[in-house]
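First up is the structure itself, then whatever we jot down about it.
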Amino acid sequence: MPNTNIVFSTNFAITTNTSFGQNVGIVAMTKVVNRHVVATGAAFLIIAGIFPKFGALISLMPASVLGGASVMMFAMIAVSGIKLITSEELTNRNSTIVALSLGVGVGLSLVPGVLANMPESIQLIFGDSGLVLVALIAVILNIILPKEERIIETSAKLNNQVS
């Protein structure tokens with residue numbers, strides 16, 4: 001369905017539709033996955049866009065309320081990521097991959113000028129957030145680090161049973 005939406009929107013010179021991580025946090029927080037609720041939210045946004053007075057009324061929401069909701073939403077996104085990581089057994093190999101990836105990611109975000117002496121092309125590819133570099137490190141470590149012995153033995157046994 002998302003690909004159909006992208007083709008449809010580009011044919012009418014509309015920017016492509018994307019889903020954001022905030023949706024994961026909102027669904028995890030509210031447990032509401034109903035298209036009628038989404039349609040109601042869309043109606044509110046359309047009304048706020050058409051009628052500036054209604055939009056101004058919504059903008060009166062205190063910053064502390066918006067901040068609290070944002071903190072909760074992004075924390076739920078983090079918890080969803082942790083659940084995804086721990087869905088596999090955390091062996092020494094998996095722990096090393098996660099630790100190095102997270103360490104590099106946190107380091108890049110805390111020291112923004114770390115790539116300043118690198119060529120411009122490297123700075124452009126890896127950007128300010130370091131997300132590309134972290135994903136690349138995780139993939140490379142997953143390829144390079146040896147698999148656990150018992151996993152190799154189990155897959156060898158399965159291959160022998162199949163043949």
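Below, all heavy atoms of this structure are taken into account, side chains as well, without hydrogens, waters or symmetry copies. Along the sequence shown, the residues carry numbers beginning at 1.
- The number of heavy-atom neighbours closer than 6.0 Å to CG of Asn34, taken from other residues, nucleotides and ligands shown, is above 12.
- Connectivity analysis of hydrophobic side chains (ILVMFWY, heavy atoms under 4.5 Å, direct or indirect) links Val38 to nothing; its cluster partners are none.
- Leu108 and Leu102 fall into different hydrophobic clusters, defined by Ile, Leu, Val, Met, Phe, Trp and Tyr side-chain heavy atoms under 4.5 Å apart, directly or through other members.
- Remark: Leu145 engages Arg93, Thr96, Ile97, Leu141 in a side chain to side chain contact (heavy atoms under 4.5 Å, CB included) (not counting sequence neighbours).
- Partners of Thr40 under the side chain to side chain contact (heavy atoms under 4.5 Å, CB included) rule, at least two apart in sequence or in another chain, are Phe44.
- Not counting sequence neighbours, the partners of Ile122 by the side chain to side chain contact (heavy atoms under 4.5 Å, CB included) test are Met118, Pro119, Phe126.
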Could you go through residues 46-64 and list every donor-acceptor pair under 3.5 Å that involves a side-chain atom there, pairing it with any protein atom two or more places apart or in another chain?
from, atom 1, to, atom 2, distance (Å)
Ser59, OG, Ala56, O, 2.7

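- When the side chain to side chain contact (heavy atoms under 4.5 Å, CB included) test is applied to Val134, the partners found at least two apart in sequence or on another chain are Ser101, Val104.
- Think of Val37 as one node in a network of Ile, Leu, Val, Met, Phe, Trp and Tyr side chains linked at under 4.5 Å; its network also takes in Val32.
- Residue Leu100 is grouped with residue Val114 when hydrophobic side chains (ILVMFWY) are merged at heavy-atom distances under 4.5 angstrom, including chains of intermediate members.
- Once rounded to the nearest 0.5 Å, the distance linking CG of Leu124 with CG of Leu115 reads 11.5 Å.
- Grouping the Ile, Leu, Val, Met, Phe, Trp and Tyr side chains by contacts below 4.5 angstrom, directly or via other members, places Val111 with Leu133.
- With rounding to the nearest 0.5 angstrom, the CD1 atom of Ile140 is 7.5 Å from the CD1 atom of Ile137.
- With a 4.5 Å cut-off between side-chain heavy atoms of Ile, Leu, Val, Met, Phe, Trp and Tyr, the cluster of Val139 takes in Ile143.
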Run Leu90 and Ile85 through side-chain contact (heavy atoms from CB on, under 4.5 Å) and show every step you take.
CA-CA 8 Å; Leu90 278 179; Ile85 290 172; 4.3 Å; yes
